[in-house]
Protein chains: 2
Amino acid sequence: MLKTLPCGKKQSTQAHSGSKNQDWKVLLDRYLKEKGLRATRPREHVAEVAMSRETHFDIQSLIKEVRAIHPEISPATVYRSVNTLCEAGILTETLQSQGGVTLYESALEDHHDHIICVDCGIIFEFHDATVEKAQQKAIESQGFEEIRHRHVVYARCTQPKRI
Amino acid sequence: MLKTLPCGKKQSTQAHSGSKNQDWKVLLDRYLKEKGLRATRPREHVAEVAMSRETHFDIQSLIKEVRAIHPEISPATVYRSVNTLCEAGILTETLQSQGGVTLYESALEDHHDHIICVDCGIIFEFHDATVEKAQQKAIESQGFEEIRHRHVVYARCTQPKRI
DNA sequence: ATGAATGCAAAGGTTTTGCACCCCC
DNA sequence: GGGGGTGCAAAACCTTTGCATTCAT
């Protein structure tokens, strides 16, 4: 499935085989049971909205979307739920927006790095095995063992584009 | 020049050839003139303290150091000066600390990426030509032209360490 | 019933802004 | 002298926390 970006590029929306898209419910349930936590309505609603996002989002926008449907859910609950979802391993912090706000995205997507166009602001995802492998080697030669990484390239579209 | 880190590693403090260490004064002056801005005492003091830092720092720590010597300089001025220094191209935002606070460092150092040890929290700098080259190629093949990048690897020390 | 989770409001912390005064050019 | 810069304090934000109440188990 392809989506046309403002810069004229096409980007996979990562609809994948469709299996992962429901996995989070299983994983979340398992995590909650393990920890003796509860599957409450507000918590599940935040999870539903968060996991339906296709790309990076910040908590403020999540709060807006959640409260548009369930105005009784407080911002504090959204913050608390997002933390729980991160601990459950189905969400991860990714980038920091220019304003320094933390952005999140599903932890169940395949790993990818990011290219941000400084002209049109679009966030493009890429994965390159050579880069990953070279990085792995470099890290190990320094005596470290990689856990995860965040690789963001600020760039400019070089192809004809329509801003 | 080597510095021993808490994890037992040694890291160059990048004292270099010594030429760059004064460059910022020239660059700042040039920038201020260009933009019709003024070389005021508080602004120069913030620059002096900021450029004397050897690694990443956050604004709060800068405020503390600046006010230790010049208590009359207000936090607002430090914020404003740091922004100016970034626009002048002698400082850059680098990472975001775990708390989401923006960290800065001199923009005149050689480019390097970062490894953050999730155990001891140390920020280790590395540069690997293979990684850089592979990235360059990957970005170009996607139709982008790199401007700058931020590559942070969260890892664990694998060598014996003293925390 | 029991303790986790929520909503609300208040607190905490960082960064920005308005404005009168100051001082570099 | 004029306009940018500063200090101060207030405001604006984002995020966390305390507490009484609600609700899942």
Side-chain angles (χ1 to χ4, degrees), chain A residues 25 28-50 56-88 91 93-104, chain B residues 25 28-50 56-88 91 93-104:
Chain A
K25 296 193 178 181
L28 181 54
D29 271 4
R30 185 182 308 163
Y31 176 80
L32 294 179
K33 283 216 175 68
E34 252 179 46
K35 295 285 180 181
L37 305 178
R38 292 169 188 177
T40 64
R41 213 55 78 59
R43 182 172 281 165
E44 292 192 322
H45 246 97
V46 172
E48 196 77 55
V49 174
H56 323 274
F57 60 87
D58 62 22
I59 297 202
Q60 291 302 316
S61 88
L62 205 61
I63 289 174
K64 281 199 192 75
E65 185 172 343
V66 168
R67 303 198 76 182
I69 317 173
H70 302 270
E72 76 280 6
I73 295 182
S74 85
T77 295
V78 178
Y79 275 98
R80 289 188 276 230
S81 296
V82 166
N83 283 341
T84 305
L85 296 178
C86 285
E87 283 155 19
L91 268 191
E93 298 187 8
T94 51
L95 318 154
Q96 236 53 41
S97 76
Q98 44 286 56
V101 180
T102 304
L103 301 181
Y104 296 84
Chain B
K25 296 193 178 182
L28 180 54
D29 270 3
R30 185 182 308 163
Y31 175 80
L32 295 179
K33 283 216 175 70
E34 253 180 47
K35 295 285 181 184
L37 304 178
R38 292 168 190 179
T40 64
R41 211 59 77 58
R43 184 172 280 164
E44 293 193 321
H45 247 96
V46 172
E48 196 79 54
V49 174
H56 322 275
F57 60 87
D58 62 23
I59 297 202
Q60 290 302 318
S61 88
L62 205 61
I63 289 174
K64 282 198 191 73
E65 185 171 344
V66 168
R67 303 198 75 182
I69 317 171
H70 302 270
E72 75 280 5
I73 295 183
S74 85
T77 295
V78 178
Y79 275 99
R80 290 187 276 228
S81 296
V82 166
N83 284 340
T84 304
L85 296 178
C86 285
E87 284 155 20
L91 269 191
E93 298 187 7
T94 51
L95 318 154
Q96 234 55 39
S97 76
Q98 45 284 56
V101 181
T102 304
L103 301 182
Y104 296 84

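Here is how names work: the chains are called A, B, and so on, in the same order as the sequence lines, proteins then strands, and each is numbered from 1.
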Here the distance between atom P of dT14(C) and atom CG of Leu103(B), to the nearest Å, is 13 Å
From the candidates dG4(D), dA5(C), dT17(C), the one with an atom nearest any side-chain atom of Leu37(B) is dG4(D)
Separation of dA24(D) atom P from Leu28(A) atom CG, nearest Å, is 15 Å
Compare side-chain N and O positions of Thr40(B) against OP1 and OP2 of dC24(C) and report whether any pair is under 4.0 Å apart. no
Contacts of Gly36(B) and Glu72(B) projected onto DNA chain D by closest heavy atom; the upstream (5') one is Gly36(B)
Here the distance between atom C1' of dC13(D) and atom CD1 of Ile59(A), to the nearest Å, is 14 Å
Against the side chain of Ala76(B), the closest entry in dA9(D), dT25(D), dC25(C) is dA9(D)
Rounded to whole Å, the CD-C1' distance (Glu87(B) to dG5(D)) equals 14 Å
Rounded to whole Å, OH of Tyr104(A) lies from P of dT15(D) at a distance of 7 Å
query: Taking atom types as they are modelled, is there a donor-acceptor pair under 3.5 Å from the base of dG5(D) to the side chain of Arg43(B)?
result: no
Ranking dG3(D), dA5(C), dC14(D) by distance to the side chain of Arg38(B), first place goes to dG3(D)
| query | Does the base of dG7(C) carry an N or O that pairs as donor and acceptor with the side chain of Arg80(A) under 3.5 Å? | reply | yes
Heavy-atom distance under 4.5 Å between the side chains of Val46(B) and Arg43(B), does that happen here? no
query: Is the side chain of Arg67(A) donor-acceptor paired with the backbone N or O of Ile73(A) at a distance under 3.5 Å, no angle test?
result: yes
Atom CD of Glu44(B) and atom C1' of dC23(C) are separated, to the nearest Å, by 13 Å
